[in-house]
Amino acid sequence: AGAAEDPSVIPTFFPPGWPVEVMPQLHRELQADLVGLVPNGRLIIAQRSGHYVHQGEPELVVEAIRDVVDAVRDPETWVVGAPSTPAQSTTSAVPGALVHLGDRTLFLSCSGTGSPTVILESGLNDTAAVWSAVQHDVATTTRVCSYDRANVPGGASDPSDPTASRSRLRSAAELVADLHALLVAADVPGPFVLVGHSVGGLVVRLYAATYPEEVVGMVLIDATHEDNWARLEEDIGPALWPMAVEQFTQAVAGGVLEPL
């Protein structure tokens, strides 16, 4: 799913004078490229929400997830865009728990029953809480889990390095390794349908490439494209780019932004 109008994807660390008018077209082009990565990819436009489609129009995201779950459960009879499996009775909310990974813990919340298991991957700076409406409804259809990445401001998980005085930047591969270790430690059953919002889209795509035998479906919600920053730098030019990088670096150092 992609947002119809998306001013909130423009990070607050962009300096004054940043030509925001170049971003909507670039955003549309990159979203279309993501859809084309698979033969049966489908783009759904969220007309009433910005970047946070899963909060502004959670019903749209829930329907997309259920559609993929239906395709996994019965691929021979599944029809693209057909009404999804009706929801069952609502499950009770699960507060979540801390799962131990060696010398640290990650927060995980799972609810519902059934297969495949849906894994919700948040965007930059977001905790599992942003998925509350989506998780509540998807849990009536199948098992669904959300979690807090290490180093997310306000999250319940431990830092990636509990002994460090300041969190360092982490690669997508490290985030994938954390998620995989979490699912194994918590004994979360596969196969998985991965759902990624914003930068979380990069994480779930890399997870699928790293562990293809575990992943049977994917939903991307206004996901970040791997060429996003290179295209921005190319389109905008060298005058403003170093200023934006410096402000981003300062935001991470000050704990305002998650260090990714």
Side-chain angles (χ1 to χ4, degrees), residues 1-2 31-44 53-54 58-88 91 94 99 106 108-123 128 131 134-147 149 172-173 175-226:
Q31 291 298 302
D33 186 69
L34 290 175
V35 174
L37 292 176
V38 293
N40 58 348
R42 185 161 59 107
L43 178 63
I44 303 171
V53 182
H54 50 315
E59 71 283 355
L60 197 65
V61 174
V62 170
E63 184 64 24
I65 293 172
R66 286 177 175 160
D67 196 28
V68 173
V69 169
D70 282 352
V72 171
R73 287 176 172 172
D74 196 355
E76 293 185 0
T77 61
W78 175 71
V79 177
V80 175
S84 61
T85 301
Q88 305 303 312
T91 60
V94 176
V99 179
L106 293 182
L108 176 70
S109 173
C110 294
S111 52
T113 60
S115 182
T117 299
V118 175
I119 306 298
L120 305 172
E121 182 73 39
S122 301
W131 295 105
V134 170
Q135 181 162 351
H136 175 271
D137 287 357
V138 172
T140 65
T141 300
T142 194
R143 187 72 166 165
V144 55
C145 301
S146 59
Y147 76 108
R149 287 190 298 268
L175 302 183
V176 166
D178 258 13
L179 175 56
H180 186 258
L182 173 65
L183 297 177
V184 170
D187 198 24
V188 177
F192 303 123
V193 169
L194 304 180
V195 181
H197 170 245
S198 194
V199 74
L202 291 173
V203 178
V204 299
R205 287 178 57 207
L206 183 58
Y207 192 104
T210 307
Y211 303 101
E213 70 284 355
E214 298 181 8
V215 181
V216 291
M218 189 177 301
V219 176
L220 301 176
I221 305 170
D222 227 28
T224 301
H225 193 286
E226 61 267 29

Before you tell me yes or no, could you show the steps for H136 and W131 under side chain to side chain contact (heavy atoms under 4.5 Å, CB included), namely the whole-Å CA-CA distance, both residues' side-chain angles and the distance that decides it to 0.1 Å?
CA-CA 8 Å; H136 175 271; W131 295 105; over 6 Å; no

Check the pair V176, Y211 against side chain to side chain contact (heavy atoms under 4.5 Å, CB included), reporting the backbone distance first and the verdict last.
CA-CA 10 Å; V176 166; Y211 303 101; 3.8 Å; yes

R73 vs T141, test: side chain to side chain contact (heavy atoms under 4.5 Å, CB included). Steps then yes/no.
CA-CA 12 Å; R73 287 176 172 172; T141 300; 4.0 Å; yes

Chi angles and distances behind the side chain to side chain contact (heavy atoms under 4.5 Å, CB included) call for R205, L34
CA-CA 10 Å; R205 287 178 57 207; L34 290 175; 3.3 Å; yes

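Residues H180 and T210 form no side-chain contact, since every pair of their non-hydrogen atoms from C-beta on lies 4.5 Å or further apart.
Ring geometry for Y207 against F192 counts as perpendicular: the plane angle is over 60°, on a 0 to 90° scale with 30° as the lower cut.
Taken to the nearest 0.5 Å, the CD1 atom of I119 stands 6.5 Å off from the CG atom of L179. With values rounded to the nearest 0.5 angstrom, I65 atom CD1 is found 12.0 Å from D70 atom CG. From I221, atom CD1 reaches atom CG of L60 across 9.0 Å, with rounding to the nearest 0.5 Å. The structure places CG of D137 at 9.0 Å from CD of E59, a figure rounded to the nearest 0.5 Å. Here CD of E226 is found 10.0 Å from CG of L206. Values are rounded to the nearest 0.5 Å. Going from atom CG of L194 over to atom CD of E214 covers 9.0 Å, rounded to the nearest 0.5 Å.
For S109 (side chain) and S146 (main-chain N/O), no donor-acceptor pair under 3.5 Å exists by modelled atom type. Formation of a donor-acceptor pair under 3.5 Å by the R143 side chain with backbone atoms of G114 is not found in this model. In this structure a side-chain-to-backbone donor-acceptor pair under 3.5 Å is present from Q31 to A223. Judged purely by atom type and a 3.5 angstrom limit, R149 uses its side chain to pair as donor or acceptor with the backbone of S122.
Applying the side-chain contact (heavy atoms from CB on, under 4.5 Å) criterion to P191, with sequence neighbours excluded, gives S115, P116, V216. A64 is linked by a side-chain contact (heavy atoms from CB on, under 4.5 Å) to I44, V219, counting only residues two or more places apart in sequence or in another chain.
What you find for V204 and M218 is that their closest heavy atoms are O-CE, 3.7 Å. The minimum heavy-atom distance linking L220 with G201 is given by the pair CD2-CA, 4.0 Å. Nearest heavy atom pair, residue L108 against residue A186, reads CD2-CB, 3.4 Å. A pairwise comparison of heavy atoms in Q135 and V144 identifies NE2-O, 3.5 Å as the closest pair. Between P212 and A209, the shortest heavy-atom contact is CD-O, 3.6 Å. What you find for V199 and G123 is that their closest heavy atoms are CG1-C, 3.7 Å.
Sorted by first and then second residue, the pairs that involve residues 178-195 and meet salt bridge (Lys or Arg N to Asp or Glu O under 4.0 Å), not counting sequence neighbours, are R104-D178, R170-D178.
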